[in-house]
Each structure stands twice: as C-alpha cells, then as structure tokens.
Amino acid sequence: MSEPGKRRFFTPHQAAVVEDATARIAPGPRDDPAEEGHPGAREADVTGYIDTMLGALTGDPPMIFAGGPWSSRHTSGPDLMARFTVLDPVAKIAWRKRLAAWQDQYRRGIEALDRLAGGDFTTASKEKQDKILATSSVGAFTSLLFEHTIEGLYASPEYGGNRGQAGWKEIGFPGDVQPRGYTPDEVERSDGHDPVQNTGIVADVLKLLGAV
C-alpha cells in the first residue's frame, strides 16, 4: 500500500499534477465547498492508487493481485488481502507491457497538462484546470484519468487508494465481508450519494467518450 509522500513512480511534481487533475474529476470538500462531508479523490488518495499501480512491478511480489480470500476488516485473523500473489512469467511480461504503456501515457499527459496551463497545471485556477482537462488534445489522457480515479475511489485499500475506506463509506458499502457474505437486502440497497455525479468535468469526459 502506498503512503502519501512515498511514491513508487511519480516525481513530486507529477504526483501534484495528478492529484489536482483527479480532484477536478472527483472533487472533495477542499475542492468544492458543496462537497462538504463527501470525500473525493484527494481524501481517498487516488494519486496513491495510481502511483502504486504504475510502480506495481517494483514490489516483490508485484502489487497486481491482492491475495485473499478476505481481509481482516470484518473478521479476526490476518489480512489475507495484504499478501499479493506471485505472477507467473507470462503474466509478468504482459503486465510489464501494459504498465509501460500507462507510464508513458502519464508522462506525456502530465507534460501536456502543464503545457496547456502555461507551465504548471497546479498553479492554474480550478476553472482553467477543468477547461484543460476537457480539451480534445488531452482527451485520451483525461479518459484514462477518469477510469483510474473511479478505481482509486472504490478499489480495495490494499491497492493504495480508498484511504480509510473513504469511497466505500461514502456509498454505504461495508467492503469485503467474507466469509459471511451479503444478505439479499444488502445486495439490493442503494449505494447512496455518488461523489463523481454532476461535476462539470465528468460531463465533458462522458462527451469525449461518446457516452452522451
């Protein structure tokens, strides 16, 4: 699990750009007063999730697949999710290729955001950051950021994001409760408030994806 300030892949500046960009996709109270009480990408440390993923192969075993079958969140005993599984040689080659492509996208994407901001994306106003992320020239990178932001909000904390189970608590999800499982009522119950709903940049990303 990644700790803020202890990154596997990003430089401090790259991490700051990604933190600001993902916070425009899923803003929290520090980014929008209307989100008071609703954690966003910063609070869930989405940047930590992305950094852990991009640097996953630096771990031994690689931080690709958490173990299991359950954690210690709702049962006594060891956190089996914290023990990552060993990749076979073929899987390791495939993941190395996939991660190398994502690493390149992040390097180029962050450089593009800085360039469009006139030098440093993190110094741009929130309104300008939104316009930059909706620019067609960085559309593919914004789409990747959107995908990874959602993953970082709701993935198991062992993968580096969802800090303090912030994303799960926001939607009323108790997390993995194996071996007990879920009751029919728990399966059918509404997840509640969506922290990425109705934000301007989300609508722009969906348009870029052709979803609306």
Side-chain angles (χ1 to χ4, degrees), residues 2 7-28 31-32 35 40-58 62-65 87 91-156 159-162 167 194-212:
S2 177
R7 301 304 185 190
R8 291 172 172 265
F9 175 76
F10 290 136
T11 66
H13 176 70
Q14 288 173 331
V17 171
V18 170
E19 182 164 330
D20 272 14
T22 56
R24 299 314 306 149
I25 294 172
D31 307 291
D32 184 348
E35 297 299 328
R42 290 189 201 275
E43 291 72 25
D45 192 20
V46 164
T47 302
Y49 166 80
I50 297 172
D51 181 76
T52 297
M53 175 178 57
L54 295 178
L57 293 182
T58 63
M63 298 182 72
I64 300 292
F65 297 118
L87 298 180
K92 196 166 187 177
I93 290 171
W95 273 101
R96 191 179 303 281
K97 182 177 180 181
R98 179 180 297 171
L99 291 174
W102 282 341
Q103 288 171 351
D104 185 61
Q105 283 181 276
Y106 271 91
R107 290 190 190 97
R108 293 175 181 271
I110 291 167
E111 288 175 359
L113 296 184
D114 278 341
R115 185 169 57 253
L116 290 170
D120 187 346
F121 181 81
T122 66
T123 64
S125 67
K126 292 179 175 60
E127 292 75 16
K128 186 172 182 179
Q129 288 178 343
D130 285 347
K131 290 180 180 179
I132 291 171
L133 290 168
T135 302
S136 59
S137 63
V138 294
F141 181 55
T142 300
S143 297
L144 184 67
L145 274 176
F146 181 86
E147 176 183 342
H148 290 164
T149 297
I150 302 306
E151 291 177 5
L153 276 169
Y154 302 118
S156 293
Y159 290 102
N162 193 11
D194 185 345
V196 299
Q197 188 177 17
N198 295 327
T199 60
I201 187 60
V202 169
D204 288 332
V205 170
L206 291 177
K207 288 178 182 178
L208 285 170
L209 293 172
V212 294

Enquirer: Distance from Ile110 atom CD1 to Thr122 atom OG1, nearest 0.5 Å?
Expert: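 So the CD1 of Ile110 and the OG1 of Thr122 are separated by 11.5 Å.
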Enquirer: Can you name the salt bridge (Lys or Arg N to Asp or Glu O under 4.0 Å) partners of Arg108, sequence neighbours left out?
Expert: Asp104
Enquirer: To the nearest 0.5 angstrom, please state how far the CD1 atom of Ile64 sits from the CZ atom of Arg98.
Expert: 8.5 Å
Enquirer: Is it true that Asp45 and Arg7 make a salt bridge, defined as a side-chain N closer than 4.0 Å to a carboxylate O?
Expert: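 Looking at Asp45 and Arg7, the cut-off is met.
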Enquirer: I need the Asp20 CG to Asp120 CG distance, nearest 0.5 Å.
Expert: 8.5 Å
Enquirer: What are the two closest heavy atoms between Asn162 and Gly167, and how far apart are they?
Expert: OD1-N, 2.9 Å
Enquirer: Can a donor-acceptor pair be found, under 3.5 Å and without considering hydrogens, that links the side chain of Glu43 to the backbone of Gly40?
Expert: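 Confirmed, Glu43 side chain pairs with Gly40 backbone.
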Enquirer: I'd like to check the salt bridge (Lys or Arg N to Asp or Glu O under 4.0 Å) partners of Asp31; sequence neighbours left out, ordered by chain and number.
Expert: Arg42
Enquirer: Compare every heavy atom of Thr52 with every heavy atom of Gly160, then report the nearest pair and how far apart it is.
Expert: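 Residues Gly160 and Thr52, closest heavy atoms: CA-OG1, 4.0 Å.
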Enquirer: For His148, which of Tyr159, Trp102, Phe141 qualifies under ring pair (Phe, Tyr, Trp, His ring centres under 6.0 Å)?
Expert: Trp102
Enquirer: Please round to the nearest 0.5 Å and tell me the distance separating atom CZ of Arg24 and atom NZ of Lys131.
Expert: 12.5 Å
Enquirer: Evaluate side-chain contact (heavy atoms from CB on, under 4.5 Å) for Leu54 paired with Arg8, printing each intermediate quantity in order.
Expert: CA-CA 8 Å; Leu54 295 178; Arg8 291 172 172 265; over 6 Å; no
Enquirer: Any non-hydrogen side-chain atom of Val18 less than 4.5 Å from a side-chain atom of Asp51?
Expert: no
Enquirer: Within a strict 4.5 Å, meaning less than it, do heavy atoms of the Thr135 and Thr142 side chains meet?
Expert: no
Enquirer: Check ring pair (Phe, Tyr, Trp, His ring centres under 6.0 Å) between Phe10 and all other residues, then give those that pass, not counting sequence neighbours.
Expert: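 Phe10 satisfies ring pair (Phe, Tyr, Trp, His ring centres under 6.0 Å) with Tyr106 only.
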Enquirer: Quick one: pull up CD1 in Ile50 and CZ in Phe9 and give me the separation to the nearest 0.5 Å.
Expert: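 Between Ile50 CD1 and Phe9 CZ, I get 11.5 Å after rounding to 0.5 Å.
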Enquirer: Heavy-atom distance under 4.5 Å between the side chains of Phe121 and Leu133, does that happen here?
Expert: yes
Enquirer: If every non-hydrogen atom of Thr47 is compared with every non-hydrogen atom of Thr22, which pair is closest and at what distance?
Expert: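 Scanning both residues completely, I find the closest heavy atoms to be OG1-OG1, 4.2 Å.
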Enquirer: Rounded to the nearest 0.5 Å, what's the gap from NZ on Lys97 to CD1 on Ile93? Could you check?
Expert: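 Nearest 0.5 Å value for the NZ-CD1 distance: 10.5 Å.
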Enquirer: I need the minimum non-hydrogen distance between Ala124 and Ala117, along with the two atoms involved.
Expert: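 Closest approach of Ala124 to Ala117, heavy atoms only: CB-CB, 4.3 Å.
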Enquirer: So which atom in Gly152 and which in Val46 form the shortest heavy-atom distance, rounded to 0.1 Å?
Expert: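 What the structure gives for the nearest pair is C-CG2, 3.8 Å.
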Enquirer: Taking all heavy atoms of Pro27 and all of Glu35, pick out the closest pair and write down the distance.
Expert: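 What the structure gives for the nearest pair is O-CG, 3.6 Å.
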